[in-house]
Amino acid sequence: MRWSKAFIPTLKETPSDAEVPSHQLMLRAGMIRQLMAGAYTYLPIGYRSLRKIEQIVREEMDKAGALEMFMPAIQPIELFHRTGRKEAFGNVLIDFEITRRDHKVHMALGPTHEEVVTDLMAKHINSYRQLPLTVYQIQTKFRNEERPRFGVLRTSEFLMKDAYSFGASVEDLNAAYDAMYAAYCRIFTRCGLEYIPVEAESGPIGGDASHEFMAPAGNGEDTIVRCGGCGYAANLERAETGRKTPSIATSSDAAAMEQVSTPNAGSIEQVSKMLKLPATQFIKTLIYVADGTPVAVLVRGDHEANEGKIRRALGVTSLELASPQVIEEVTGAPVGFAGPVGIKCRVIADHDIPLISNAVTGANVADAHLTGVNVGRDYQLDTTFDLRDAADADPCPRCEGTLNAVHGIEVGHVFKLGTKYSESLDARFLDESEQRHAIIMGCYGIGVTRVLAALAETRHDENGLNWPITVAPYEVVVAPLNAKDEEVTAAAEKIYAELQAAGVDVILDDRDVRPGFKFKDIELIGIPLRIVVGGRGLKEGVAEVKWRNDAEPQNVPLDTVVAQVANMVQEARQSLNG
RNA sequence: CGGGACGUAGCGCAGCCUGGUAGCGCGCUUGACUGGGGGUCAAGAGGUCGCAGGUUCAAAUCCUGUCGUCCCGACCA
């Protein structure tokens, strides 16, 4: 490619609408432009990078035995009714009616394709002999995000690779899942993206039925915890902590319990400000209704209750926050003043609760709190549970290490679906003994556009982007410093042509602009390898070669520069592709 | 859906409070010079001030409504 013939509208200044680095830099580098909130055009160099990621995904999917196909983005709403996902998706589903002759057709833009593939397989799979089978596609997905944000990280229209496995047994499912998991690791490695596979919500099957692949990034929307010691990593909702039940005894410096007036202050934040005591000194008392019975759940004031853990600790199936009426019945006070002292229902507490001496709690009286509340004396506990979200610095559940909370961007998800869709869409097969079973499914997604954004988000410096060679829009740029100097341009043209012939993805910056201008653009876009041909070097018979990451260029003789660069590119590719 | 901010040239912004001539930087066009880190000089082009209504002799400016975009939160199979 010749830069003079390319369409790379770089920006010197940062558009004010862009907040996060990936958005700012991709905009500035001329890779994307916004059409409206949550919808972006990929300009030529942005699309080149996107397609390179796509190709890596494709190669690894094929290698893992998945078969590529292509399903419609428009889907009949009826399929979503059958699986109950019209309601589950709610407003996220983009659906509409169109008129065809004399009748209306109600359809949706696919937010994903479980319904479509399962329907397809329902019609074509009859026998266990046709299984197992994994298919995939790379296609645009549509979701009406309530709040699109962070540029290309969260959009209403995005490119996704979605794969679906169909098996006759749990063994089939596990094999497909493991193959996908391994392929994902290779994909992200080849893309040069740092990633952490984490245990995620397990869904209907339980166990290790779901993993998310997270790219650690400060602006990531998800929080995960990870142990530096053993590598345990999990989604915040799912993460266990290594905390144990402490000794439950009244503190030796327990103060007298006192009731204080806290008019109209029902939240921890308000009371904390009023009493000038930190939230860590508070016991948060949440009233839930568990399988029809009210239960008080105690967590420390600065912690978040985890409903999944509470449900498991209680061994119940239904759990929801109690209504104001129930709360009044149990506490004798309006919402906001509940506490464990004298409460009229079962109480369960998080491990951290007995450790709070002289705690502040609601008084179970309107507009009043208690201070100096101590376990054993003022309220009783037999044992404690892990009832809250994991937090930074919690002990690891698997080893002696410590958990660290990190933000991450979800770039992939593998999920053991089971028979949820095959049951509702009647996708069944006959086994060896003519028994009919629902096909056992798995689904596996990669946000292709998100991988690109995550790379931009994590690989940049003050000068611009810094792409891994496998994803960069061009691997190498050849920059003649003076377009009017015939010797310089001739030398650059020669290098450019020979690199092309050597199979290197190269762009020639043949624009008639000053050197500094070229350097800035090249660094902003983040082309990994730069070859500079200038009058100065030419006199000595050398060109300058510099990696985007290097501080200083190295001089390479003109007659070997092509061979050397081709070699460097080859090695860089290999270090990622393996 | 709750809270907040912003819409003025392609981009970044000033002007608005206190109504009267639409301005700056970058970018763009032409020419000359220049040629190793977004260069200099000169001459230019480019605007329904988001949109609609209202107040006024007069509205970018004041009032009302509306649309759009961004941020925080809720939500995210």
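Residue numbers start from 1 in every chain, and the chains themselves are labelled A, B, ... in the order their sequence lines are given, proteins ahead of strands.
- A:R511 comes within 4.0 angstrom of no nucleic acid atom, judged by non-hydrogen atoms across all strands.
- When distances are taken from the side chain of A:F517 to each of B:rA77, B:rG38, B:rG73, the shortest belongs to B:rG38.
- Searching all strands for a Watson-Crick or G-U wobble partner of B:rA52 with both distances below 3.5 Å returns B:rU64.
- A:F150 comes within 4.0 angstrom of the backbone, heavy atoms only, and of no base.
- Contact of A:D521 with B:rG38 (side chain to base): a donor-acceptor pair of N or O atoms is detected under 3.5 Å.
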**OP:** Let me have a per-nucleotide readout for nucleotides 1-15 of chain B, 5' to 3', with B, S or -, counting only protein heavy atoms under 4.0 Å.
**Re:** ----------BSS--
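- Base engagement by A:D512 is indicated by at least one non-hydrogen atom pair under 4.0 Å involving a base atom.
- Remark: the A:R85 side chain and the A:Y421 side chain contain an N/O donor-acceptor pair separated by less than 3.5 Å.
- Across all strands, A:A37 comes closer than 4.0 Å only to sugar-phosphate atoms, never to a base (heavy-atom distances).
- Across all strands shown, B:rU40 forms a Watson-Crick or G-U wobble pair with B:rA32, both key distances being under 3.5 Å.
- Nucleotide B:rG46 has no partner under the Watson-Crick or G-U criteria, as no pair reaches both atom distances under 3.5 Å.
- Not a single donor-acceptor contact under 3.5 angstrom links the side-chain atoms of A:K518 to the base of B:rG38.
- Partners of A:D222 according to the side chain to side chain donor-acceptor pair (under 3.5 Å) rule, which considers only residues two or more places apart in sequence or in another chain, do not exist here.
- Between A:H211 and A:Y181, the ring planes lie perpendicular to each other; the angle is over 60°, past the 30° to 60° tilted range.
- Residue-level contact check: A:Q34 touches the backbone only, with heavy atoms under 4.0 Å from sugar-phosphate atoms and none from bases.
- Within a heavy-atom distance below 4.0 Å of RNA chain B, the residues of residues 538-549 of chain A found are A:E544.
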